[in-house]
Structure formats: structure tokens, C-alpha cells
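Report on the structure given below.
Note that the structure is predicted; figures quoted are calculated from it, not measured. Sequential numbering from 1 along the given sequence is applied to the chain's residues.
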Amino acid sequence: MARLCPSAQAPDLADGRPRLLSGMQPTADSLHLGNYLGALRSWVDLQDSHEAYYFVADLHAITVEQDPAVLRQRTRVTAAQFLAAGVDPERSVLFVQSQVPEHAQLGWVLQCLTGFGEANRMTQFKDKSSREGAERASVGLFTYPVLQAADILLYDAARVPVGEDQRQHLELTRDLAQRVNSRFGRTFVVPEPYIVKETAKILDLQRPEKQMSKSLGGSGCLFLLDDPKASAKKIRSAVTDTGHEVVFDPEGKPGVSNLLTILSTLSGTAVPALEERFAGAGYGDLKKEVAEAYVGFAEPFRERVEAWLTDGRLDDVLAEGARRAGEQAAARLADVYAKVGFLPEKR
């Protein structure tokens, strides 16, 4: 990795907070509980300590085929869920990726600075193309880590919340930032991974050896906008383990441990206290309480989402977010364009 040059330092923001950026793709009709407890809830908390930029990654979504009408609807619904969870447009910049064209423009410049072999080493593309066939994989899927780098570098983001599956992509972002800085002079902040402490890892209700995901099928996944009663039924049908004791043992009792994690994160009660509460009780008692806690969370959440989708505020919030994001993105892109040798735009 290239040596950090002076431009790698994050800018001093007016209030002293570091800048942070994160996004999610609108590839489902609803986020699931793993999205909320594993990422979205921490986004809300991070607004207090960071200048946060959050976005709906619709450009990334079209790396696979999408129905246009469905994509538009899912984009709005995803943004509404961010807001319903507590993302505050007064404290954060919330926008839709495609409404800030500088993402695609910087993406092209960075593609031209990325080696083919470098892009070819990205393991997520290899995994997805091997599952679905390389002939069906789009060039966009191949290059989307470079667009992801553009997403980050446009905003001088000092920190990027990442899971293990995104670490390699962030390393590419860092390499590209340092390459530009070395070749053209002070340009980009080199971002650091930000690991959120105490992030809950929510597992599939039917396959608790795997993380909750829409790709595993609906029976083990709790979608936030589903009928809460149907979700409660899924919880009551969750796979448990041999024996009868309600104890937290991720290796020996992954199903029970997952239910305890869900209850703990939704109720705010520590797992040891829950183990004590359920001493002598059965799995049915645990499932009943988890279902009640989930319904108590999901019902008002769905109501808040519906309010955002129907009262006319959502599009105004997204337009204002795109305007604010665009100001930063346009300034950074103009700097890059000048350095790589493009003629200045005459207005």
C-alpha cells in the first residue's frame, strides 16, 4: 500500500466531529431485522458523534436486473425505513445515490486508475459470478467496488462502517485514494474502517448457522414491514436445539442463543439477566417473549414508515439531502477533474 501523504488527513469539521458515510441497496420490499439491529440502529446512534452521510445505493442495485417501477418503489421504501428508524435529516445528510451524478462521474475516473487484476481480485464478484455464471454477470457487478470507492471519497469520509464482507472493498478504496494523492497531489481523505461496538449479529430463524438474509428464504427472515403477526408465527416456529435449558451458547445452542440475542437487543436487557429470568423455563416461554418484543417494535415502526410514504415529506427530504450531498460532491469532483487534466466547465 502506498505511503500516506498529507491529503490523507480528515478535514476539520466545524463542530469537530469526523465525517462518516454508509448506504444500503434497495433490493427488497423491506429491510429485515438483521439490517436494523446489525447496522441501521447504529447509524442512528452515530449521528451524535459523527457528521453522517447516509444514502440509498440505487446505482449499485442495477448491477443485477431490476424492474424499473419496483426499483423506484423500493428506493422510496428503503429511505422511509431509514427515517422511521431514527435517521434525522436535520442531523444527517440522507440522499439517493442516483440523484447525485458525481458518484458515477468520479466512478469513471477511478475505474481508469484501477488495474484489471486489482479489480479481478475482489472476492465478492468471484462468489456472485460463480453462483450465477460468469456469462450472466454484468460489467457493473465487476466494477462496483470502484463505484463504492467513489461513494466514499466524494465526501471526505474519515470513517466507513464495514462488515467483514466489505473490508476488501474498503482496502481498494484506500489504495485508490493514496494512488490519486501520490500521482496528483493532495486530493482525497484515506478512510478508515469503523467497527461498531456491540453490533448484534442476527441469525436466520431456520438456519441459525447462517446470518439472517433475504437470500435464504422467507421462513427464517423477519422482514420489518411484514404483518407482525406473521413474523411472530415465524418466531414461534424458530429452530431451537437439543435439551431444555435457556442458556447462551452460540456453538452448542445457536438457535436459542439467536433468540436470546434478539430479545436482548429489542428489550435492552442483558443476556445474563435473561438467562436468569428463564432459568427453569422452556423454549416455548422464550419464543413467546421474543415474539411479543418483536411485535411491540415492528408495529409502530411500520406505522412510521407508512406515514413517511403517504404524507408528502419524503421526496422533499430526499431532494434536500441530494442538494446538500451534491454541494460536497461537486466540489470534490471539480478538484479531481482539474487534476486529471479535464477542461474547466464554462458556465
Side-chain angles (χ1 to χ4, degrees), residues 22-48 52 54-57 70 72-92 94-96 161 196 198-205 211-214 216 218-238 258-269 274 286-318 321:
S22 195
M24 291 186 194
Q25 292 188 39
T27 53
D29 294 325
S30 171
L31 300 179
H32 57 69
L33 186 63
N35 298 139
Y36 174 74
L37 294 178
L40 187 51
R41 191 171 69 162
S42 68
W43 286 13
V44 175
D45 295 336
L46 288 168
Q47 294 176 120
D48 294 328
Y54 297 132
F55 67 100
V56 182
V70 172
R72 278 190 286 271
Q73 174 64 11
R74 286 177 171 177
T75 298
R76 298 184 79 253
V77 170
T78 300
Q81 288 174 93
F82 292 176
L83 292 161
V87 170
D88 182 355
E90 297 296 323
R91 295 191 293 156
S92 301
L94 174 62
F95 64 99
V96 174
V196 180
E198 298 180 357
T199 297
K201 184 177 181 180
I202 306 302
L203 306 176
D204 188 87
L205 296 176
Q211 198 158 330
M212 185 174 286
S213 168
K214 67 180 187 296
L216 293 178
S219 62
C221 190
L222 296 173
F223 292 101
L224 302 183
L225 300 184
D226 280 357
D227 182 347
K229 293 181 180 178
S231 295
K233 186 176 180 180
K234 289 183 184 179
I235 293 169
R236 291 193 295 270
S237 301
N258 187 42
L259 292 172
L260 284 169
T261 298
I262 292 171
L263 182 56
S264 175
T265 51
L266 289 177
S267 67
T269 305
L274 292 175
L286 173 62
K287 290 180 178 181
K288 180 175 181 291
E289 191 160 333
V290 174
E292 289 174 351
Y294 180 79
V295 170
F297 155 75
E299 285 184 339
F301 180 85
R302 292 174 79 227
E303 291 171 1
R304 293 194 297 272
V305 171
E306 185 62 25
W308 276 107
L309 290 171
T310 57
D311 67 6
R313 294 179 294 159
L314 178 61
D315 293 325
D316 290 340
V317 166
L318 294 177

Applying side-chain contact (heavy atoms from CB on, under 4.5 Å), run through Lys201 and Thr261 and close with a yes or a no. CA-CA 8 Å; Lys201 184 177 181 180; Thr261 298; over 6 Å; no
Audit row: Phe297, Leu33, side-chain contact (heavy atoms from CB on, under 4.5 Å) steps and yes/no: CA-CA 10 Å; Phe297 155 75; Leu33 186 63; 4.2 Å; yes
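With values rounded to the nearest 0.5 angstrom, Ser231 atom OG is found 5.5 Å from Leu222 atom CG. Here CE of Met212 is found 9.5 Å from CG of Asn35. Values are rounded to the nearest 0.5 Å. In this structure, Asn258 CG and Leu203 CG are separated by 4.0 Å, a value rounded to the nearest 0.5 Å. Here CG of Leu260 is found 5.0 Å from CG of Leu286. Values are rounded to the nearest 0.5 Å. Atom CD of Glu292 is separated from atom CG of Leu263 by 10.0 Å, given to the nearest 0.5 angstrom. Annotation: the span from Leu205 atom CG to Ser237 atom OG amounts to 9.5 Å, rounded to 0.5 Å.
The closest donor-acceptor contact from the side chain of Gln211 to the backbone of Ile202 lies at 3.5 Å or more, if one exists at all. Remark: side-chain polar atoms of Gln81 are not paired, donor with acceptor, to backbone N or O of Ser30 under 3.5 angstrom. Between the side chain of Ser92 and the backbone N or O of Pro89 there is no donor-acceptor pair closer than 3.5 Å. Side-chain N or O atoms of Arg91 include none that pairs as donor or acceptor with a backbone N or O of Ala52 at under 3.5 Å. Panel note: side chain Thr78, backbone Val56; no donor-acceptor pair is recorded below 3.5 Å. For Lys234 (side chain) and Cys221 (main-chain N/O), a donor-acceptor pair under 3.5 Å exists by modelled atom type.
Taking the side chain as every heavy atom from C-beta outward, Ile235 and Tyr294 approach each other to under 4.5 Å. Contact annotation: the side chain of Leu318 never approaches that of Phe95 to less than 4.5 Å [non-hydrogen atoms, C-beta and beyond]. Considering only heavy atoms from C-beta on, Leu224 stays 4.5 Å or farther from His32 through its side chain. In this structure, Thr269 and Ser264 have side chains that are not in contact, with every pair of non-hydrogen atoms separated by 4.5 Å or more. Considering only heavy atoms from C-beta on, Met24 comes within 4.5 Å of Leu40 through its side chain. Residues Leu31 and Tyr36 fail the side-chain proximity criterion, which asks for heavy atoms closer than 4.5 Å. Using a 4.5 Å cut-off on side-chain heavy atoms (C-beta onward), Phe55 and Leu94 make no contact.
Nearest heavy atoms, Thr27 versus Arg74: O-NH1, 3.2 Å. Closest approach of Pro161 to Leu46, counting heavy atoms only: CG-CD1, 4.4 Å. Of all heavy-atom pairs between Val77 and Asp29, the closest is CG1-O, 3.6 Å. When every heavy atom of Leu259 is checked against every heavy atom of Ala238, the shortest pair comes out as CD2-CB, 4.3 Å. Between Tyr54 and Trp43, the closest heavy-atom pair is OH-O, 2.7 Å. Heavy atoms only, all atoms of each residue included: Pro300 and Val295 are closest at CD-O, 4.2 Å.
Sorted by first and then second residue, the salt bridge (Lys or Arg N to Asp or Glu O under 4.0 Å) pairs involving residues 296-312 (not counting sequence neighbours) are Asp311-Arg313.
Residues satisfying the ring-ring contact (aromatic ring centres under 6.0 Å, His included) test with Trp308, not counting sequence neighbours, are none.
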